[in-house]
Amino acid sequence: MTGATGNVGRQVVARLVRAGRPVRAMTRRPQPGLLPDSVEVIRADFEQPGTWPAALDAVESVYLFPFAYAATDDGFVTQAVEAGVTRFVVHSAAAAGFAPGTGGDGALGRHLTQEREAHRALELLVEASGAEWTHVRPGLLAANALQWADQIRTGRVVRGPYAAAGYPVVHEADVADVAVAALLTDDHTGDAYTVTGPAKVSQAEQAAAIGAAIGVPVRFEELDPAEARGRWLRDGVDEETADWMIALLADAVDGTGALPPTDTYRRVTGRPPRTFAQWARDHAADFRPEAPR
């Protein structure tokens with residue numbers, strides 16, 4: 001599989017290992033201890049086609065992480081099928097299913113258009129390959145809250161614009177559950193699943209949930225959007241990214257903006273999706289003062 005060391009990928013690996021399935025992880029930089037000992041780790045790179053045969057030898061199913069934002073694979077999908085791969089589960093993005101023009105004409109619309117085109121292009125490559133496929137399209141991940149870890153460790157305050165803004169952020173474990181169901185069963189071939197959390201969680205509510213998980217109050221201090229943008233620029237964020245981040249939050253102050261909750265997780269697994277509070281408890285160690293930085 002690809003993307004094996006990411007937030008979702010590690011969860012996919014763990015579930016496949018528990019199911020007793022052999023797993024081969026393709027990675028640019030193998031590091032001891034990142035994956036279970038039973039996982040075969042192969043040094044391979046999407047930008048080096050000569051490394052692909054070793055990664056693809058005797059592989060039947062591929063969990064395909066979006067390895068290039070431009071979504072041009074330079075033949076990996078074709079070579080995978082020629083090597084014997086018969087099923088792809090594509091880690092895509094919710095934007096791949098958005099209608100053209102979603103997000104308007106501003107920074108948010110431009111970003112969503114780029115993301116939609118990139119992820120949909122990869123999906124189309126897989127659909128045209130002749131192999132079985134399932135697209136798993138996560139919404140915004142709850143793990144984005146990890147960007148607040150330093151602020152919470154040092155001051156128990158999160159500072160940013162639009163305290164009331166929020167999306168139905170999804171636990172990475174939920175995304176992994178859907179991906180593994182598609183890898184291990186025949187029930188999801190040809191489906192595209194947008195996976196979200198159960199309900200909108202505002203930024204202020206996320207901060208409070210993290211505080212509850214670590215046992216100390218954490219508050220959200222709202223900044224003027226212009227002040228927040230200036231801070232991000234000083235921290236090295238480029239102007240285009242800062243603009244779409246502001247627009248993304250502004251779009252979800254009232255309601256959930258472009259991404260309402262879905263019932264995908266319950267339909268696929270028969271269980272309710274994990275809440276942000278559960279995610280915060282699972283990641284409490286990341287926000288405590290003694291956590292590694």
_Donor-acceptor contact present, side-chain Gln79 to main-chain Phe76, <3.5 Å_ = no
*Salt-bridge test for Arg266 and Asp263: reply yes if a basic N is under 4.0 Å from a carboxylate O, no otherwise.*
no
_Closest heavy-atom pair and its distance - His119, Ser92_ = CB-OG, 3.5 Å
*Is the closest side-chain heavy-atom distance between Thr264 and Thr196 below 4.5 Å?*
no
_Arg137 bridged to Glu123 by N-O distance under 4.0 Å_ = yes
*Does Arg267 CZ have over 12 foreign heavy atoms under 6.0 Å away?*
yes
*Applying side chain to side chain donor-acceptor pair (under 3.5 Å), which residue pairs with at least one partner in residues 164-177 are found, sequence neighbours left out?*
Arg15-Asp177, His171-Asp282, Glu172-Trp279, Glu172-His283, Asp174-Arg274, Asp177-Tyr265, Asp177-Arg271, Asp177-Arg274
_Could you tell me if Glu127 and His135 have a donor-acceptor pair between their side chains, going purely by distance under 3.5 Å?_
yes
_Flag, side chain of Arg153 to backbone of Phe287, donor-acceptor distance under 3.5 Å_ = no
_Just so I know, are the side chains of Met26 and Trp52 near enough to count as touching, which here means a heavy-atom distance under 4.5 Å?_
yes
*Look only at the side chain of Thr134 and the backbone of Asp191, and say whether a donor-acceptor pair between them is shorter than 3.5 Å.*
no
*Under 4.5 Å between any side-chain heavy atoms of Val23 and Ser38, yes or no?*
no
_Donor-acceptor check, side chain of Trp148 to backbone of Val157, threshold 3.5 angstrom: yes or no?_
no
*So, does Glu221 use its side chain to make a donor-acceptor pair with the main chain of Arg159 at under 3.5 Å?*
no
*Using the rule that two of Ile, Leu, Val, Met, Phe, Trp, Tyr join whenever any of their side-chain heavy atoms come within less than 4.5 Å, decide whether Val175 and Leu184 are in one cluster.*
yes
*Considering all heavy atoms, the nearest Ala209-Ala277 contact*: CB-CA, 4.4 Å
*Could you pull out all residues at least two apart from Glu132 that satisfy salt bridge (Lys or Arg N to Asp or Glu O under 4.0 Å)?*
Arg87
*Decide if atom CG of Asp224 counts as having more than 12 heavy atoms of other residues, nucleotides or ligands within a radius under 6.0 Å.*
yes
*Leu223, Val218: one ILVMFWY side-chain cluster at the under-4.5 Å cut-off?*
no
*Closest contact, heavy atoms only, Pro161 versus Pro225*: CB-CA, 4.0 Å
*Is Thr86 reaching over with its side chain to a backbone N or O of Ala131, donor-acceptor style, under 3.5 angstrom?*
no
*Quickly, which of Val178, Leu16, Val62 forms a side-chain contact (heavy atoms from CB on, under 4.5 Å) with Leu183? Name it, please.*
Leu16
*Apply side-chain contact (heavy atoms from CB on, under 4.5 Å) to Ile246 and Trp232, showing your working.*
CA-CA 10 Å; Ile246 291 290; Trp232 294 340; 3.6 Å; yes
_So does Ile152 get a backbone contact from the side chain of Arg156, meaning a donor-acceptor N/O pair under 3.5 Å?_
yes
*Is the CD atom of Glu40 crowded by more than 12 outside heavy atoms at less than 6.0 Å?*
yes
*CG/Asp254: more than 12 non-hydrogen atoms of other groups inside 6.0 Å*: no
*Yes or no on side-chain contact (heavy atoms from CB on, under 4.5 Å) for Val89 and Met1, after CA distance, side-chain angles and deciding distance?*
CA-CA 10 Å; Val89 173; Met1 63 175 285; over 6 Å; no
*Mind checking whether Leu259 and Phe98 have side chains closer than 4.5 Å, heavy atoms only?*
yes
*Spacing of Met245 atom CE and Leu108 atom CG [to the nearest 0.5 Å]*: 12.5 Å
*Any chance you could measure Leu248, atom CG, to Asp243, atom CG, to the nearest 0.5 Å?*
12.5 Å
*Considering non-hydrogen atoms only, spot the tightest contact between Val136 and Ala179 and give its length.*
CG2-CA, 4.1 Å
*Would you find more than 12 non-hydrogen atoms of other residues, nucleotides or ligands less than 6.0 Å from Glu227 atom CD?*
yes
_Under 3.5 Å side-chain donor-acceptor pair for His188 and Tyr193_ = yes
*Under 3.5 Å, side chain of Lys200 to main-chain N/O of Val253, donor-acceptor pair present?*
yes
*Nearest non-hydrogen partners of Gln11 and Ala176, listed with the distance*: CB-CB, 3.4 Å
*Between Arg110 and Asp105, is there a side-chain N and carboxylate O pair less than 4.0 Å apart?*
no
_Using the rule that Ile, Leu, Val, Met, Phe, Trp and Tyr join whenever any side-chain heavy atoms are under 4.5 Å apart, tell me whether Phe46 and Val126 fall into a single cluster._
yes
*With a 4.5 Å limit on heavy-atom distance, are the side chains of Thr27 and Arg43 in contact?*
no
*Measure from the side-chain N and O atoms of Ser202 to the backbone N and O of Ala165, and report whether any donor-acceptor pair falls under 3.5 Å.*
no
*Specify the closest pair of heavy atoms between Val237 and Leu233, including all atoms of both residues, with the distance to one decimal.*
O-CD2, 3.2 Å
*Do any N or O atoms from the side chain of Thr102 and from the backbone of Ala99 form a donor-acceptor pair under 3.5 angstrom?*
yes
_pair Val13-Pro36: side-chain heavy atoms closer than 4.5 Å_ = yes
_Close side-chain approach of Arg229 to Glu239, heavy-atom, < 4.5 Å_ = yes
*asked:* For a side-chain contact (heavy atoms from CB on, under 4.5 Å) check, start with the C-alpha distance between Val39 and Val41, then their side-chain angles and the critical distance, and finish with the verdict.
replied: CA-CA 6 Å; Val39 174; Val41 179; 4.3 Å; yes
*Verify the cluster assignment for Val59 and Val77: are they in a single hydrophobic cluster under the rule of side-chain heavy atoms below 4.5 Å apart?*
yes
_CD1-OG1 distance between Ile42 and Thr51, expressed to the nearest 0.5 angstrom_ = 10.0 Å
*Should the pair His91 and Tyr63 be assigned to parallel (<30°), tilted (30 to 60°) or perpendicular (>60°) ring geometry?*
perpendicular
*Could you check if a side-chain atom of Leu124 sits within less than 4.5 angstrom of a side-chain atom of Leu122, using non-hydrogen atoms only?*
no
_ILVMFWY cluster, Leu140 and Ile210 together (side-chain gap under 4.5 Å)_ = yes
